[in-house]
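All remarks here apply to the structure that follows.
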Amino acid sequence: MISFYPGPSRVYEEVPKYVKEAYDKGVLSINHRSQAFMDIIKATNEEIKKKLLVPDDYSVFYVSSATECWEIIAESYDISSTQYYNGAFGEKWFEYTKKLKENTFGHHFHFEEELKLETVDKPSKGLICLTQNETSNGTQLSNPCIAAINNKYPDHLIAVDATSSMAGIKLDFNKADIWFASVQKCFGLPAGMAVMICSPRAIESAALNLHYNSLANIAQNMERLQTTHTPNVMGIYLLLKTMQESPSITTTEQVLKDRIEAYLEIISAKKTIKPMVGQSEVRSTTVLVVEGEEKIIGSIKAQAKESGLILGNGYGVWKNTTFRIANFPALKDKEVKLLLSFLKKNIQ
Ligand SMILES: *Cc1c(COP(=O)(O)O)cnc(C)c1O
């Protein structure tokens with residue numbers, strides 16, 4: 001079975017080899033206060049910065065999930081939070097923040113529209129929270145869109161959920177302060193860890209509260225190559241190994257762009273299904289959502305399964321009228337070709 005589920009998704013096939021290697025080398029039982037651990041975390045930080053083109057002065061942290069990042073952000077700043085969303089993950093982030101912070105504002109925008117912040121009122125300072133890649137409906141905010149927001153609101157801190165795009169497409173890290181992603185999507189790793197990438201400003205302006213998962217506490221620990229808790233050492237090791245084997249993000253992004261074009265070409269020619277997002281400017285590169293009548297979507301998923309291909313179910317309100325295709329780097333060329341030919345042959 002080949003999984004095209006957009007998370008948890010197909011992991012790199014080298015994962016079992018690296019797990020064995022970690023076991024053999026004693027990494028799985030390593031003391032996280034030891035020099036050996038510090039060497040691993042340092043190498044991982046450097047590899048991530050190199051491959052994903054993260055600015056030198058940004059910091060990389062390892063936490064347990066994207067959802068934890070929502071909570072870390074909500075609890076680390078004594079400022080208002082304004083959240084923009086067009087789908088289920090962005091909305092959930094808003095709901096979670098609202099439970100923790102009084103000054104939380106949410107703005108919904110239509111998924112076919114480009115996000116324009118000037119149409120909504122917001123506090124003159126505070127956090128702007130954006131979902132770069134909305135996994136539920138297959139939309140994304142482009143780098144120029146985030147750059148425009150950054151230019152227009154220089155006094156705001158910008159936090160970006162890039163869970164289903166980081167390590168798949170090139171992100172302009174300079175244009176926002178806090179970026180995060182869990183590793184079971186484009187990183188092609190088992191779930192249970194998230195990568196958080198922060199600007200110096202994000203760390204300087206975090207509240208100086210050193211509770212367990214406050215950003216200040218996480219950052220203070222990382223200055224000494226340490227973590228606030230016994231971390232997912234195996235996850236960090238797998239991240240190091242897979243990143244070392246990965247090409248630069250510009251190469252990966254081109255591969256994914258070519259693949260998404262191939263999917264779109266086939267799907268756009270069909271009568272019974274279509275890409276749910278019509279506007280190419282806002283359509284995601286890493287998650288393709290395909291729409292059709294409930295009966296047709298159901299039968300395509302069943303047929304695909306018989307051919308050894310697992311398509312992702314639709315999400316939230318789009319559960320039964322769409323299926324989703326992960327366009328993540330761990331999928332191999334030959335696997336993508338199998339799905340392309342399945343779609344070409346079996347659908348009207
Ligand atoms: C998957 C996903 C999450 C949640 O990730 P967890 O690892 O379950 O916390 C959050 N945001 C987006 C955009 C996602 O795709």
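Just so you know, these numbers use all the heavy atoms, side chains as well, and skip hydrogens, waters and symmetry mates. As the structure lists them, so they are numbered: ligands from 1, and atoms in each ligand from 1.
- Put simply, the side chain of Val336 reaches to within 4.5 Å of the side chain of Tyr263, judged on heavy atoms.
- For atom 9 (O) of ligand 1, the closest non-hydrogen atom on the protein side is Thr67 OG1, 2.6 Å.
- Taking only non-hydrogen atoms, the option from Thr163, Val287, Val183 nearest to atom 12 (C) of ligand 1 is Thr163.
- Using 4.0 Å as the threshold, Gln132 has no heavy atom nearer than that to any atom of ligand 1.
- The closest approach between any non-hydrogen atom of Trp70 and ligand 1 is below 4.0 Å.
- Within a 6.0 Å sphere centred on NZ of Lys332, other residues, nucleotides and ligands contribute more than 12 heavy atoms.
- Taking the centre of each ring, Phe4 and Phe323 stay at or above the 6.0 Å mark.
- Between Lys92 and ligand 1 there is no heavy-atom distance shorter than 4.0 Å.
- Near Ser182, meaning under 4.0 Å from one of its heavy atoms, ligand 1 places the atoms 5 (O), 6 (P), 7 (O).
- Ligand-side atoms of ligand 1 in range of Ser65: 7 (O), 9 (O), range being under 4.0 angstrom from any heavy atom.
- Counting heavy atoms closer than 4.0 Å to ligand 1, residue Glu68 contributes nothing at all.
- With Trp179 contributing its side chain and Phe173 its backbone, the two residues share a donor-acceptor pair below 3.5 Å.
- Look at Glu46 and Lys42 and you find a salt bridge, because one of the NZ, NE, NH1 or NH2 atoms lies within 4.0 Å of a carboxylate O, short of that distance.
- In this structure, Lys98 is not positioned above the aromatic face of Tyr85 in the sense of NZ or CZ being under 6.0 Å from the six-membered ring centre and within 45° of the axis.
- At a threshold of 4.0 Å, the pair Lys337-Asp333 does not count as salt-bridged, since none of the basic side-chain nitrogens sits closer than that to a carboxylate oxygen.
- Nearest residue to atom 15 (O) of ligand 1 from Val160, Thr135, Thr286, Asp161 is Thr135 (criterion: closest heavy atom).
- Only the side chain of Gln184 comes within 4.0 Å of ligand 1, judged by heavy-atom distances.
- Here is the list of ligand 1 atoms found below 4.0 Å of a heavy atom in Asn133: 13 (C).
- With respect to the salt-bridge test (charged N to carboxylate O, under 4.0 angstrom), the residues Lys51 and Glu47 qualify.
- Residue Thr131 places no N or O, backbone or side chain, under 3.5 Å from any N or O of ligand 1.
- Scanning the protein for heavy atoms near atom 2 (C) of ligand 1, the closest one is Lys185 NZ, 2.6 Å.
- Using a 4.5 Å cut-off on side-chain heavy atoms (C-beta onward), Lys175 and Ile158 make no contact.
- No N or O atom of Phe89 sits closer than 3.5 Å to an N or O atom of ligand 1.
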